[in-house]
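Following: one structure in structure tokens, then a few remarks.
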2 protein chains.
Amino acid sequence: MISPRPQPDHPQPDHPESDHNDAMPEEPTQARRFGKARTAQASALLEDYAELIADLLASGGEARPTDIARRLGVSHATAIKTIARLKREGLVTARPYRGVFLTEAGEALAGRVKARHLVVVELLRAVGVPSEAAEQDAEGMEHHVSDTTLAAFSRFLKAR
Amino acid sequence: MISPRPQPDHPQPDHPESDHNDAMPEEPTQARRFGKARTAQASALLEDYAELIADLLASGGEARPTDIARRLGVSHATAIKTIARLKREGLVTARPYRGVFLTEAGEALAGRVKARHLVVVELLRAVGVPSEAAEQDAEGMEHHVSDTTLAAFSRFLKAR
DNA sequence: TCCAAAGTGTAGCCTTGGCTACAAATCGCT
DNA sequence: AGCGATTTGTAGCCAAGGCTACACTTTGGA
Ligand SMILES: [Mn+2]
Ligand SMILES: [Mn+2]
Ligand SMILES: [Mn+2]
Ligand SMILES: [Mn+2]
């Protein structure tokens, strides 16, 4: 699942007794970080589908499996299987030969994801990353940007 | 595989005839972006292992499967299977009950990955992301930071 | 109208990266 | 030296996300 607003992103650092540092993080800390990164990765594909479907519906009007597949650069069979997963997760509805539509939850997800995508690209541009690199790298990075980090990005952009 | 320095990261934008924009990217462009993001993701795990093994060897001296597993927050069986893949890819050597060591290629990869990790964390901190969020999000974002973007990050940090 | 092209769906295959359960080897302490 | 705890390895399971091949709808143009 992808709940709209899960627990607080980053609880306080907890261990203020930092000897001197430069050393490795504590074992449980590191394990937690890797675990969260894995979790984030697990939602990445669904996020990209939701965003893409919203864009297709908004611009052209149609979000057919083939369109989606071509945009993502995968086979249509792959797209169809992922769409099945989106259905299972309650993010889209789709009847055979009838195209794909977003549910309430799907719309909400797409909105958040698109907004985040834009901010990430903007931030990259703002620190001097060339446009195409920014667009490219944002496509992967965005899925690992927490609410905390997103907020910091927005502040930075506004204050600049 | 993970070649040290693949093709140029971002060939020129190619299509300077941008009508007015705000619309979706061209289909082949978008497909290429998603494809590269998938490619980057495929190396992420190997990169994390290489970095972690290097850190363990540097600090304590030993990089045993159990240590690695605990640090990553996965079962030791999972770690052992991934170590087998690292061996296959020529990044580490490991003989039963003898710990894991990096090959030349593994060292090289670990070095690049660690350097990139540090720059990404620094950049995040520099734009106002709190430390723990920076550390957390960098763990996932780093794998999608191209050389072009990394260079921009470094310039930004130096110039600041 | 009807038939070929385009789109859709299904089946079957593969790899990766998780897991648990169990068996074997090694280590460390008395 | 021996034995229990730890570490390591193996087997077997699963889901996700790729793919190709093939069959079935639907659509649109002659
Ligand atoms: Mn994306
Ligand atoms: Mn995106
Ligand atoms: Mn990482
Ligand atoms: Mn890292």
Side-chain angles (χ1 to χ4, degrees), chain A residues 1-2 27 31-50 52-53 56 60-89 91-101 139-140 143, chain B residues 1-2 27 31-50 52-53 56 60-89 91-101 139-140 143:
Chain A
M1 255 303 296
I2 296 178
E27 184 183 281
R32 187 170 26 73
R33 283 182 196 156
F34 280 120
K36 285 200 192 169
R38 282 192 298 271
T39 296
Q41 191 53 42
S43 339
L45 195 67
L46 299 185
E47 293 180 350
D48 282 335
Y49 269 74
L52 175 56
I53 290 166
L56 287 171
E62 280 229 283
R64 294 136 77 224
T66 313
D67 303 331
I68 297 171
R70 271 202 295 254
R71 290 260 162 198
L72 288 166
V74 298
S75 74
H76 79 274
T78 295
I80 286 175
K81 270 210 299 193
T82 305
I83 291 166
R85 191 181 153 208
L86 288 164
K87 256 192 286 191
R88 251 189 293 139
E89 309 248 4
L91 295 169
V92 307
T93 58
R95 290 171 328 297
Y97 299 91
R98 201 85 339 181
V100 181
F101 299 92
E139 201 51 77
H143 308 285
Chain B
M1 253 305 294
I2 298 175
E27 184 183 282
R32 186 170 26 72
R33 283 182 197 156
F34 280 121
K36 284 201 192 170
R38 281 193 299 271
T39 297
Q41 191 51 43
S43 338
L45 196 67
L46 299 186
E47 292 180 351
D48 283 336
Y49 269 73
L52 175 57
I53 290 166
L56 286 171
E62 280 228 284
R64 293 137 76 224
T66 312
D67 302 331
I68 297 171
R70 271 202 295 251
R71 289 260 163 197
L72 288 166
V74 297
S75 74
H76 80 274
T78 295
I80 286 175
K81 272 211 296 194
T82 304
I83 290 166
R85 189 180 156 210
L86 288 164
K87 256 192 285 191
R88 252 188 291 139
E89 309 249 5
L91 294 169
V92 308
T93 57
R95 289 169 330 293
Y97 297 91
R98 201 91 333 186
V100 181
F101 298 92
E139 201 51 76
H143 308 285

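A note on names: the letters A, B, ... follow the listed sequences, proteins ahead of strands, and every chain is numbered from 1.
- Rounding to the nearest 0.5 Å gives a distance of 10.0 Å between CG of A:Leu91 and CD of A:Glu47.
- Note that CG of B:Leu52 and CZ of A:Phe34 are 5.5 Å apart. Values are rounded to the nearest 0.5 Å.
- Rounded to an integer number of Å, the gap from CD1 of B:Ile83 to P of C:dG17 is 13 Å.
- Note that the CD1 atom of B:Ile83 and the NE2 atom of B:His76 stand 10.5 Å from one another [nearest 0.5 Å].
- The interatomic distance linking A:Lys81 (NZ) with C:dT8 (P) rounds to 18 Å, in whole Å.
- Checking B:Thr82 against A:Ala77, the closest nucleotide of DNA chain C that is more toward the 5' end is the one next to A:Ala77.
- Close approach of DNA chain D to chain B, defined as any atom under 4.0 Å from a non-hydrogen atom of the protein, starts and stops at D:dT7 to D:dG18.
- Evaluation of the side chain to side chain donor-acceptor pair (under 3.5 Å) rule for A:Ser75 yields A:Thr78 as partners, not counting sequence neighbours.
- One can place CG of B:Leu46 at 11 Å from C1' of C:dG17, the figure rounded to the nearest angstrom.
- Under the salt bridge (Lys or Arg N to Asp or Glu O under 4.0 Å) criterion, B:Asp67 pairs with B:Arg64, B:Arg70, not counting sequence neighbours.
- The CG atom of A:Leu86 sits 7.5 Å away from atom CG of A:Leu45, with the distance rounded to the nearest 0.5 Å.
- B:Gln41 contributes atom CD, which lies 12.5 Å from atom CD of A:Glu139 (distance to the nearest 0.5 angstrom).
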For nucleotides 22-28 of chain C, tabulate all protein N/O to nucleotide N/O atom pairs closer than 3.5 Å, reporting atom names and distance.
unit_1: C:dA25; atom_1: O4'; unit_2: B:Tyr97; atom_2: OH; d: 3.1

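- For DNA chain D, none of the residues of residues 61-72 of chain A falls under the heavy-atom distance limit of 4.0 Å.
- Between B:Ala79 and B:Val74, the shortest heavy-atom distance links the atoms N-CG2, 4.3 Å.
- Residues satisfying the salt bridge (Lys or Arg N to Asp or Glu O under 4.0 Å) test with A:Arg33, not counting sequence neighbours, are B:Glu132, B:Glu135.
- Between A:Gly73 and B:Gly99, it is B:Gly99 whose nearest contact on DNA chain D lies nearer the 5' terminus.
- Under the 3.5 Å distance criterion, the side-chain polar atoms of A:Arg71 are left unmatched by any main-chain donor or acceptor of A:Leu56.
- Taken from OG1 in A:Thr82 to CZ in A:Arg88, the straight-line distance is 9.5 Å, to the nearest 0.5 Å.
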